[in-house]
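The block underneath contains the structure these notes are about, expressed in structure tokens.
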Amino acid sequence: MLIKKDKSIIQNYFEDNSGVGGSNADFVAVVETEDDIPSFLSEMSKTNTPVTVAGALTGNTASGLAFGGAILSLEKLNKIGEIERVDDSNAVIVVQSGAKTNDIKLKAYGAGWMYPPDPTEKNASIGGNISTNASGGRGFKFGVTRDYIKALKVVFSDGSISFVERGKYFADGNGAITFDTNKGKKCTMLPRYHLPVIKNAAGYYNYTKADLVDVFIGSEGTICVIVEAVLKLIPHFKEVFGGIVFFEKRNDAYEFVNKIKTISKKTKEGCLKNSISAMSLEYFDKNALLLIRNDYPIIPENIEAGIMFEQDVYEDNQEVLTEKWVKVIESSNIDLEKIWFASTVEEQEKFRIFRHRIPERVNEMVKKNKIPKVGTDFAVPEGKLPEIIDFCDREFAKAGVFNLTFGHIGENHLHANIVAASKGEYEKCRQVYANIAGKVVELGGTVSAEHGIGKLKHIFLEKMLGEEGFKEMAKFKKSFDESGILGQNNIFPKKYILL
């Protein structure tokens, strides 16, 4: 264990992509081997020293930022094991939590495999992705991080260790889970609040007969330290192609997306090889496109929305699939001159850079203004997206604040970014977000679908789960972390730990 106390040296641990200032810690403990962690956490528990787990510090909700106590940095736990083939459709790989997600993806790709979760931030650590159940642009077809976790090795604040394999420990009918550690058995009772049955990263996982692995995923460093994961890999596609379609009317974009979703669903249900099966469907509103128009003059004027689609190809049928897409586009009365096509992996990478350029520009504005970003992460049930977007527009217009929206429209999951230029405007932005969160909950949605809650979104989660939900989460946390030192103020206010 390497201990750093010099403020000038540890300053870089006090910033992430959230724009939150004021982060501080007494010291940073940099883990050199997994064996460092149990004794460290045990000692911190005895002295009631808060511990904030930090990985790559690329988060958007300040969950990796400390406000007192110690920072436990997992940056050196970055080993990526060898790929082990299970069968023609599956392989596994063991990785430490500090490994960069992009490095894992590259190693898998080199062997003909794919780790599908595709978060925007390429430098994120796999531990951070697991802690927030990240997903990214290809979640429409491939799902979220949770779908690719076969096992986790975790350390608790009392120094005990558990290796938890998927399918080994489940909650009983009352929500109770008992499992093994190297120091004996642990027992916990899941919170009883209701979570929406859609893509969700808000609150501790408590669905019926929950697998313990899923409970740790998305827990944002509050109940354990994730040190190692066994990841599932799938065969990599042979080719990929796609396009960005620009629309003068937003409703036309919705209709196009719904048509593609319907066809893709039928393709999956029928296991059809020569039919459209979108890998991703991404949405960009007018303001998002205007933000990067200088970088991409190909974006036409007088455009209200853009939709980016990707199609993965596994057989020698790219030409057939391309024709199918062209027919759907033509039947949707879309002007082919308002489409930017990419037909190779290299060209498709330009689309990915295009998609990532928007949040990059937003983060640049946030850092320049030195005001925290106010960015929604909501998802709503099928059919509710036009209603929530219209609601957002009305809120933005009333407040008169700069805003732009983009995200994963295939999953009804969008990021509305409200960028404040001053502290006074920041409070106005927060109120707009609160109003949006209330509407999202009213529609049966979630206030966070992939970034988690962290330290910034307590008031929005409260609209979903209420104060009683916070109390249940605090009780649940303490069943794992009796001293209450881990990830204080992440997910719910730390005052509930003391109740």
Side-chain angles (χ1 to χ4, degrees), residues 31 33-38 41 51 53-56 63-64 72 74-75 77-81 83-84 86 90-101 104 108 115-117 119 124-135 143-171 177-188 190 201 203-207 209-233 450 452 476-477 479-481 486-487 490-491:
V31 176
T33 73
E34 292 180 10
D35 294 338
D36 292 338
I37 299 175
L41 291 181
V51 175
V53 182
S63 58
L72 182 66
L74 305 182
E75 61 194 283
L77 291 187
N78 57 8
K79 292 180 182 176
I80 300 174
I83 296 169
E84 181 181 339
V86 177
N90 296 276
V92 294
I93 187 169
V94 180
V95 299
Q96 290 185 313
S97 59
K100 297 292 180 66
T101 304
I104 296 168
Y115 176 64
S125 67
I126 190 65
N129 284 177
I130 295 169
S131 293
T132 60
N133 192 31
S135 55
V144 298
T145 295
R146 173 172 282 115
D147 300 317
Y148 299 91
I149 304 300
K150 302 288 288 183
L152 294 174
K153 184 177 182 181
V154 300
V155 183
F156 300 101
S157 60
D158 63 0
S160 59
I161 305 169
S162 186
F163 182 76
V164 183
E165 297 176 278
R166 182 171 293 283
K168 187 173 184 180
Y169 303 109
F170 294 95
I177 305 179
T178 301
F179 63 99
D180 299 306
T181 77
N182 66 330
K183 293 186 177 182
K185 293 187 180 296
K186 281 188 182 292
C187 301
T188 188
L190 295 178
Y204 294 122
Y205 188 97
N206 74 335
Y207 296 99
K209 296 182 180 179
D211 190 308
L212 183 59
V213 169
D214 289 324
V215 174
F216 293 139
I217 297 168
S219 58
E220 300 191 51
T222 60
I223 59 178
C224 63
V225 177
I226 297 169
V227 297
E228 188 177 271
V230 181
L231 308 180
K232 173 185 174 180
L233 306 178
E450 68 172 334
F476 175 70
K477 169 186 166 60
S479 69
F480 292 103
D481 175 25
L486 291 176
N490 281 352
I491 305 181

N/O donor-acceptor pair under 3.5 Å between [X] side chain and [Y] backbone:
X	Y	result
Lys477	Thr222	yes
Asn133	Arg146	yes
Ser131	Gly127	yes
Glu228	Lys153	no
Asn182	Ser160	no

Check [X] against [Y] and note the closest heavy-atom contact, atom names and distance.
X	Y	result
Ile83	Ala91	CG2-CB, 3.9 Å
Ser157	Asp481	OG-OD1, 2.7 Å
Cys187	Thr178	SG-OG1, 3.3 Å
Ser125	Gly55	OG-CA, 4.0 Å
Ala201	Thr132	CB-O, 3.5 Å
Leu152	Val213	CD1-O, 4.1 Å

Heavy atoms from other residues, nucleotides or ligands near NZ of Lys150 exceed 12 (cutoff 6.0 Å)
no
Rounded to the nearest 0.5 Å, how far apart are [atom1] of [X] and [atom2] of [Y]?
X	Y	atom1	atom2	value
Ile217	Asp147	CD1	CG	8.5 Å
Leu77	Glu34	CG	CD	6.0 Å
Leu72	Leu41	CG	CG	6.0 Å
Leu486	Glu220	CG	CD	13.0 Å
Ile161	Ile37	CD1	CD1	8.5 Å
Lys232	Arg166	NZ	CZ	9.5 Å

Is there a side-chain contact between [X] and [Y] (heavy atoms, below 4.5 Å)?
X	Y	value
Phe156	Lys183	no
Lys186	Ser162	no
Ile177	Val215	yes

After noting the C-alpha distance and the side-chain angles of Ile126 and Leu231, does the key distance pass the side-chain contact (heavy atoms from CB on, under 4.5 Å) rule?
CA-CA 10 Å; Ile126 190 65; Leu231 308 180; 4.2 Å; yes
Would you say the side chains of [X] and [Y] form a donor-acceptor pair under 3.5 Å?
X	Y	result
Ser135	Glu450	yes
Tyr207	Asp214	no
Ser479	Thr188	yes
Thr145	Asn129	no
Asn490	Ser63	no

Derivation and outcome, side-chain contact (heavy atoms from CB on, under 4.5 Å), residues Tyr115 and Thr101
CA-CA 9 Å; Tyr115 176 64; Thr101 304; 4.1 Å; yes
Can you check side-chain contact (heavy atoms from CB on, under 4.5 Å) on Val227 and Val154, steps first, answer last?
CA-CA 6 Å; Val227 297; Val154 300; over 6 Å; no
Candidates Phe480, Tyr205, Tyr169 - the one meeting ring pair (Phe, Tyr, Trp, His ring centres under 6.0 Å) with Phe216:
Phe480
If you apply the rule side-chain contact (heavy atoms from CB on, under 4.5 Å), what do you find for Ile80 with Val95, and how did you get there?
CA-CA 5 Å; Ile80 300 174; Val95 299; 3.9 Å; yes
